[in-house]
Structure formats: C-alpha cells, structure tokens
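Accompanying notes for the structure given below.
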Amino acid sequence: MNKNINDNGGAQNAQNTTSSATANNGSNQADTNNASAYKAPNIPAPLLSPYKPESSEVVVIDIHEKSQLSNPDICIKLGLTSDEAEHFSIILPPPNVTGTLHLGHGLMASLSDISIRFERMRGKRALWIPGTDHAAIATQSKVEKEISKNEGKSRYDLGREELLRRVEEFAQASHDTIVTQTKRMGTSLDWSREAYTLDATRNHAVRTMFKKMYDDGLIYQGSRIVNWDPKGQTTIADDEIVYKEDTSKFYYFKYGPFTIGTARPETKFGDKYVVMHPKDERYKQYEHGQKITVEWINGPIEATIIKDETIDMEFGTGVMTITPWHSGVDFQLAEKYKLDKEQIIDQKGRLLPIAGPEFAGMKISEAREKIVEKLASKGLVEKIEDKYIHNIATAERTGGTIEPQIMKQWFVAVNKPFILPFSDIKGIEAGKETTLKQIMRAAVDGGQVELIPEHYNKTYFHWIDNLNDWCISRQIWYGHRIPVWYKKAEDGTIAETYCDILSPKEADRADADEFVQDEDTLDTWFSSGLWTFSTMGWPEAFDTKTGAIQAGSDLARFHPTSILITGPDIIFFWVARMILMTGYAMGTVPYERVYFNGLVRDMQGRKMSKSFGNGGDPVEISEKYGADALRMFYAMATAPGTDTKLDENKIKGFKHFANKLWNITRFILTMAEEQKNKDVSSTATYDANFSAWSAKDIELIAERDELIKTITKELEELRYHLASDKIYQYTWSRFADIILEESKIIFNGRAEKVDATDPENPAKNHTALPAGTQEEKNSRIQFLLHTLRTLLVVVHPFMPHVTEELWSIINTGKSLNDMSSEERAKINAADLLMAHKWPN
RNA sequence: GGGGGAUUAGCUCAGUUGGUAGAGCAACACAUUUACACUGUGAAGGUCAUAGGUUCGAGUCCUAUAUCCCCCACCA
C-alpha cells in the first residue's frame, strides 16, 4: 500500500506541491466553461445532493492513509516540513486490549488529532504514534473469566503456556477491533510506528530498565505487606484498590482486662499484642512492654502491652490487638516495635494450622461465626453490633476482596537516594544524589511539565508526598516476565541471583540450565511508563553513560513529546509513572503539557462504562452522523477537565454544520459561474494574486484574518472548545447568514417587496437595493472564493473528511467519493488539503 | 477525615488578564418554487446558588454558607 504514492509521485510530488498548492487550481474548470458564451450555472454534480458522510468519510480515510502524510518522514520527502522544523509529537494513550474503544477514547483521539493536523499544517514535523496496551491483569482476568464460564476451567487447569496462547489470541482480536475503530475516527496516526506494550521491542526496553534500576538498587525484593487479591491470585498496587462500602457485624471481645473491637474475628488467632494510646487515662496502670496472660480463642496466651500514639482513643474502647501479617497499619506498628508477625490466612483465603485443628483449613466466611460461637461459649463476647458500615478494599480488575499479606515481592524504591548522571530537569542536578520522588516532583514544580487544568498540580503533589514504594511484581502470567533468574544450591537455598537483559541462556552461560526464571510478571504500568521513549528507539538510540542521543533517531527528533491528552483517572497510574521513568532513564520529561479531558457521560450523567451497558461506540455514532460531527462535538463540548454529556442532538447539529459547508461551497461556486456567464471579462475563478479589493471587502478580509489569528492562538493553547466555537459561529452566523446574503444583493440587486397585509413584518417586506459595480462584484467573488478556501483549511483539523471532499470538488470539480480507485491512486499527497499550509 | 471541581436562559454548557450577560438544543411568531428544511428572519427567556467584602466597576477576586460531583486516605 506504500507503493501507490511513491510510484505515482515520487520525486515529482515535491515539485507539484509548490505550483498546485498556491494558485490556479480552478483553471481547468475555467477553460472548459469559457468555451460557451452563456449557459446555465454548471456546478459539480456531487454538490447537488446533501453531503453524505457515511459514504465520503471512508473514502477520505483511505486516501489519507495511503497518502502517508501522517508519517513525518514522508512529509519531509514531499517538502512539507523538514528536519530543521520544530517538532510536534504525541503518543496516543494506548488502549487496553481488553475490548473495544469507548467514547472516552474517541475524545482523546479527536482532540489529539485536531492538534496534530493543526501543527502539521503549520509546517511542523508532526508525529503521532499509535499503540495498544497489554493491560496484564485486566486482560488475563477477562480471558480467565470467559474460560471459567465456558469451560469451567481455571488457569491452573490450562497451564501457563496454553493460557498465554488464549490470552494472546484474545488480545490480537481486540487489537484489530481497536485499530479499525481508531482509524474510523479519521485519526492521522503514523501506523508505520505502531507499538504494543508487550512486543519484543518494548520487552527489550523493559528488561533494560529493570536491569538499570536493579543495579542502582532502586528495584529490590522485599518481604512487605502487599495487597493480595485472592480472586485474581496476585498482588496489586495501592492505586489498583477500589474501596466499596460494606455493612457487616462488629464484635466486642474480652481480651483479658480489655475489650477489643473487630469486624474480622478470623484474623485474631495470633493476636498477642494489645495496643493503646500512652496518654489514655483509662489504661495508665499498664506499661509499655508489660506482659499479661489472657484467655483467648484456643486457651490462655501471653499478651504484650504496646503504647503508641497512632491509636485513636475515641474509637471503640481505645484498645486494639494487632495482626501484622494481615493489616497494613498493624504491619507498620510491628515494624516499629520489632514485633513477631504470624501468617493466619493463606493465599486462598483459608485458615492456617496456627488457628488450631478445629479451624485450620476453614474458609474465612465459614470460620467467622464459628470463632464467635467459641468465644461466646467461653464468655468472651461482650457485644455484637449488627450494622457496622465500613469500607472494604477490593481489586479494581477482579472485584476480589483484598487480603493484606506479607509476601516477598519486587518493589521500586521511590525514596532511596541515587546518582542521576544527567539531567535536564530543573531542580535536579546531574551527578548529584536525588530520589525518584524528587524527580517526579521537580518535573512539575519547575513547570517543565504543565498540567492542564492547573489544579491537578495539587492532586499530583499530594499523591507524590504520600507515595510508598511501588510493588511491581504480579503473580499472573500475561505480562513482562521479571528478568531475574535463580540458581539453586544443593541444599535448596539460592546460590546466585542473576538479573540481566539477556537470560543466562541468551548470555551463553555454561551453567544456564541450572537457572530458573522468577515466576512473576511486571505491573503493566511498568512498561506503560516507558511509552514515550520505548516507542522512539530507547535504549539503542541512547547512551546510558553520557546521556547522548543518537542523531537522526526518533528519540532525538521527537522526544520529549509535545502534549499528552488523557483522562484524569490515570494521573497516578500512568502520567506520574511516565515522569518517573523518563526522568530516571534520560534525565528529561516525557511531555511538555498534559491535557486532562473530562469523562464522557450519558445524558443522565452516568459514567460511560465499557463493561456495563451504556458503553457507547464512537464508530456507531460516526456511522450515524459522521466522524466529523462527532469530532466537532468533542472539540466544542468540552472545556479541559470538565465532564461532557454525550448529546446526540448536538452531534446531529454538527452533521448539519458539515452540510452547511457543503452548501456554502455549492452556493459560492454557483455565484462564480453566474458572474462568469454574465460577464466574459469577469475574473470569476479563484485568483491567488487578486488585489483589486473593494473597500467593504478589505474590511471583511481584516475581520476574517483576525479570526484566523484568534483561532490559531486558541489551538496553540489547546482551547479546542473556543477555537471550534469561533469557527462555527463565523462560518454559519457571519459568513453564511450575513456575508453571503449581502453578496446576493451585490451580484443581483434586490427588488422592493411590500406585503400590504403586514407592512411591519421585516420577513415580508424590504426596500429595493441596487447591485454593486463591476469592481465590487469582482472583488466580492474573489473574497468568497478566497474565504471558502481559508475556511476549509481552518476547519480541516476538526472535520477532516468533509473539508477534504470539498477541497477536491473546488479544485478538480470531482468528488473523491465518485472517483474510481485508479483516479484516487493518482492523487498527489501534497495536493491534499491535509497537506495544505495553515493560513497566517 | 483531607483535597479538588461545579452551581449562569426550560435543557446541555461557554464566558482566557475584573469593563453594558453568550452559544447550541427546546419552545414561540413569521418567511417559503430560497445555496441549504440538515433553511432563514424576529421576538422571548438569566438578581450569573446564597450572604457579606474588595473595587469607580464583580459571573470573574476574597470570606463564609448551602447543594451536587470527583479524587485521596481509611479506624482496629
């Protein structure tokens, strides 16, 4: 498919550009029409019926794709931009291969495309990279669910290899759907640079990054309390937790001289520390470290008094026992006072032998009441509250109730000092000690990354300040396997831990066979964090010793990216992690501006959810009203950061707007034809060098050019809603309703009209007006032809399809939709409106 | 508990440094071999949530209050 352009155009394209882009595009029409002295207006046939987005859009999309103008290297070859030009680059937030695109994706893609097309038309080296995200847990659990439902099998029944085969099959299908959908929106993405977060290139980047962080001591393995999802059988990160309100019973038990409250009796077997506030008057006779014997579930135990200020004296009795293995807060207390930690519940949610023969092996749900019964029989139950409302932690992806566990996992240390050898980040000095947290803070604090709207700064900083080490290992199979191998000694202990980009086998180690790879995979956001540079040739194009970037590489030419348009829901998951990874890997920022769009909601204000019902498909809407209409809706309906209600009525209105442009074109071409027919000497074809403007038209030109300036400024500042609104208002209310109406009078004059029954009604009455002079007519027809072209150019980033169609019609008299595939193949890429220069 | 956002016409929302209130849709009246009914013209519709304050001047800045939404944290 790349051949077409090169075969037909090749080197010639560049030459054609200059001549055809400037003047005389309409000369063919003029020649044929001048042959007859007078005849009825002859306008291109396609204009005679309303604009049909459903048939034109797919044709334009195809032509745009074949033109390869989305590839900046092709634009350079065509002379539309150069390597000296300023770059403008965006990465598309890679959609998860868990399903299909929803309207939120459509929003991000539309706004990004408006900016990319705008900057490309301004002559910048514009690159927009597409891709998809493997979304580890989300994808695997979706496939597991289906397998369980259809075949009643678990992942362990299938085995690692077979499950991965199934997941990949599913991911491929999703990917293909997503690509089709994305293209249908008219997105000018450079598909030749498409990437996947789990492909070989990205795997190499991930391993390189892991190894580097491992060597710097920033990735470590440690036994810490983590969020264990018993349903998904994996750990998850703190920000993958969703809290849900739950009503349960709340129990008060006698614990020696104290009364303790709990909602989770099943964790209480190992509780041998009782904690209270040092200033609590009620318990002043007890001392920190004092040991007392108390009667408990399975008989008497020795309990130790701990006094700590984190205890809330107001809550319950002001006394609690702790379970360090299964609670984050308790774990921290245990660490602080070096207390024993004992596991009570296993990873499948069953009680361990420590619970005694009576309870061991029991599931949490059944054990709870039995334990309470036993305590009651011993007279240790004081009180039971029935309606205790609290939040329980659940896993975002599987819905499983989080069971905190102490486990050996891999972490990224965010507070550990290390030396960053090179840095462009303000406030982070090269060669000096810093931390990942400081890098994340400095990038935004110094203004190198601008968050739009600005109030997200506060959210961002707050998150960073409270950030703990990032747990990056997952016990699932779909994802980047941790590049660590272990060699076991004869006694079963680990004799050697090997971390490298190449496996022992790939590294040709003689003892390669003795190594076993770590079973775990990486958090999906680890690979997404590298996205801006792993898609541009890192690490090959980057010298990790000197920080030099290989000249001519994408990394040198397009990084940092210019803007990121994404939803605020992934500010921590992704936006922050990219800043962390980019700062660490290259001492720079991933992007200069982040534009957070709001959520797309339905008319009832409900969140559009892909998993439940009201998902909404951008393709469906595009087929009904046109992608142009949907894009215009997205542009116009959203101020940054505020939610958008999807209003089909409005989208319909923008379909009408596309048709309005269609009819404006038809009308102007008709007028031009009429003038030509009436007056042979008239210059009624587009003349780029026309200068005999009438006084009135000089004003109109000034007004129009002022508007273009404003729109340019709005687009530079990413105020899509203001830019689009101004174009819309000018086109419809000013240009069509006022200027075109006035033009009718200039060309033909107006007869007096009197309705005796209703003399006051302006709609029924008007006075006679004379037509303009020949000079005024000549000037006006040129003004209309010039302004029409300008409007098509300016509307193009918003509505690329209808404008490209009209561009073809005004320049060749032919609709792209009506052309044969041979004719379409002959189109010079540089002649497309998409390649046209933005007016300034 | 902490933070952020919102509150403007019947509905959905704009309103960039303070300078006489805007759009789309809906509703109303009218026009009609009209470039376009996927149309045009006109009229109507708002104490800009409430109460104070700063200012010559506040939808816009400040302080409270109310209601709604979101995010973060989470208590045994």
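Source: prediction; values computed, not measured. Below, chains carry the letters A, B, ... as their sequence lines are ordered, and counting in each starts from 1.
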- Message: I need the OH-C1' distance between A/Y460 and B/G5, as an integer number of Å.
- Response: 21 Å

- What nucleic acid atoms does A/L599 come within less than 4.0 Å of, heavy atoms only: base, sugar-phosphate, or nothing? nothing

- Are A/Y243 and B/C74 close enough that a side-chain N or O sits under 4.0 Å from OP1 or OP2? yes

- Atom pair distance, as rounded to whole Å: CZ in A/F654 and P in B/C36: 23 Å

- Query: When the distance from NZ of A/K645 to P of B/A6 is rounded to whole Å, what number comes out?
  - Reply: 15 Å

- Which part of the nucleic acid, if any, lies within reach of A/Y456 when heavy atoms closer than 4.0 Å are counted: base, sugar-phosphate only, or nothing? nothing

- Query: Considering only B/A14, B/A35, B/C69, which nucleotide approaches the side chain of A/L722 most closely?
  - Reply: B/A14

- Query: At under 4.0 Å between heavy atoms, what does A/K726 touch on the DNA or RNA strands: base, sugar-phosphate, or nothing?
  - Reply: base

- Task: Give a yes/no answer on whether the side chain of A/K458 brings an N or O atom under 4.0 Å of OP1 or OP2 in B/C70.
- Result: no

Name the atoms and distances for all side-chain donor-acceptor pairs under 3.5 Å in residues 708-715 of chain A, with sequence neighbours left out.
unit_1: A/T710; atom_1: OG1; unit_2: A/E706; atom_2: O; d: 2.9
unit_1: A/T712; atom_1: OG1; unit_2: A/I708; atom_2: O; d: 2.7
unit_1: A/T712; atom_1: OG1; unit_2: A/W838; atom_2: NE1; d: 3.0
unit_1: A/K713; atom_1: NZ; unit_2: A/E717; atom_2: OE2; d: 3.4
unit_1: A/E714; atom_1: OE1; unit_2: A/R719; atom_2: NE; d: 2.6
unit_1: A/E714; atom_1: OE1; unit_2: A/R719; atom_2: NH2; d: 3.3
unit_1: A/E714; atom_1: OE2; unit_2: A/K726; atom_2: NZ; d: 2.7

- Task: Figure out the CG/C1' separation between A/L646 and B/G24, and round it to whole Å.
- Result: 15 Å

- Given the side-chain rings of A/Y625 and A/F633, with only the six-membered ring counted for Trp, is the space between their centroids under 6.0 Å? no

- Nearest to the side chain of A/D312, which nucleotide is it out of B/C13, B/C75, B/C38? B/C75

- Taking OP1 and OP2 of B/U12, is either one under 4.0 Å from a side-chain nitrogen or oxygen of A/K650? no

- Task: May I ask you to verify if any side-chain N or O of A/H721 is less than 4.0 angstrom from the OP1 or OP2 atom of B/G15?
- Result: yes

- Query: What is the nucleic acid contact for A/K652, judged by heavy atoms within less than 4.0 Å: base, sugar-phosphate only, or nothing?
  - Reply: nothing

- Which part of the nucleic acid does A/I311 contact within heavy-atom distance under 4.0 Å: base, sugar-phosphate only, or nothing? base

- Message: So does A/P404 get a backbone contact from the side chain of A/H326, meaning a donor-acceptor N/O pair under 3.5 Å?
- Response: yes

- Message: Taking any heavy-atom pair under 4.0 Å as a contact, classify A/I260: base, sugar-phosphate, or nothing.
- Response: nothing

Identify all side-chain donor-acceptor contacts of residues 381-388 of chain A below 3.5 Å with residues at least two apart in sequence or on another chain.
unit_1: A/E382; atom_1: OE1; unit_2: A/T259; atom_2: OG1; d: 3.4
unit_1: A/E382; atom_1: OE2; unit_2: A/T259; atom_2: OG1; d: 3.0

- Give A/E314 one of three labels, base, sugar-phosphate or nothing, depending on what nucleic acid heavy atoms sit under 4.0 Å from its own. nothing

- Task: Check whether any side-chain N or O of A/W732 sits under 4.0 Å from OP1 or OP2 of B/G24, and answer yes or no.
- Result: no

- When we call it a touch if two heavy atoms are under 4.0 Å apart, what does A/A736 touch: a base, just sugar-phosphate, or nothing? base

- Query: Base, sugar-phosphate, or nothing: which does A/T642 touch, judged by heavy atoms less than 4.0 Å apart?
  - Reply: sugar-phosphate

- Message: Does a side-chain N or O of A/H390 approach OP1 or OP2 of B/A76 to a distance below 4.0 Å, or not?
- Response: yes

- Item | Nearest-neighbour nucleotide for the A/T459 side chain, B/A73, B/C71, B/U41 considered | B/C71

- Message: By the 4.0 Å heavy-atom rule, please label A/D569 as base, sugar-phosphate, or nothing.
- Response: nothing

- Query: Is the gap between the ring centers of A/F798 and A/Y720 under 6.0 Å?
  - Reply: no

- Message: From CG of A/D737 over to P of B/G42, roughly how many Å is that when rounded to an integer?
- Response: 9 Å

- What integer distance in Å separates A/L718:CG from B/U16:C1'? 13 Å

- Checking all strands, does A/S733 fall into the base, sugar-phosphate, or nothing category for heavy-atom contacts under 4.0 angstrom? nothing

- B/A76 phosphate, OP1 or OP2, under 4.0 Å from A/R264 side-chain N/O: no

- Query: Quick one: A/H656 NE2 to B/G40 P, roughly how many Å, whole number?
  - Reply: 11 Å

- Task: Classify the nucleic acid contact of A/Q729 as base, sugar-phosphate or nothing, counting any heavy atom under 4.0 Å across all strands shown.
- Result: sugar-phosphate

- Item | Stacked cation flag A/R441 on A/F461, 6.0 angstrom / 45 deg | yes

- Message: Base, sugar-phosphate or nothing for A/V275? Non-hydrogen atoms, less than 4.0 Å.
- Response: nothing

- Would you say the ring centroid of A/F654 lies under 6.0 angstrom from that of A/Y728? yes

- Message: Within the 4.0 Å heavy-atom criterion, would you say A/D647 contacts the bases, only the backbone, or no part of the nucleic acid?
- Response: nothing

- Distance between C1' atoms of B/A23 and B/U34 (Å, rounded): 26 Å

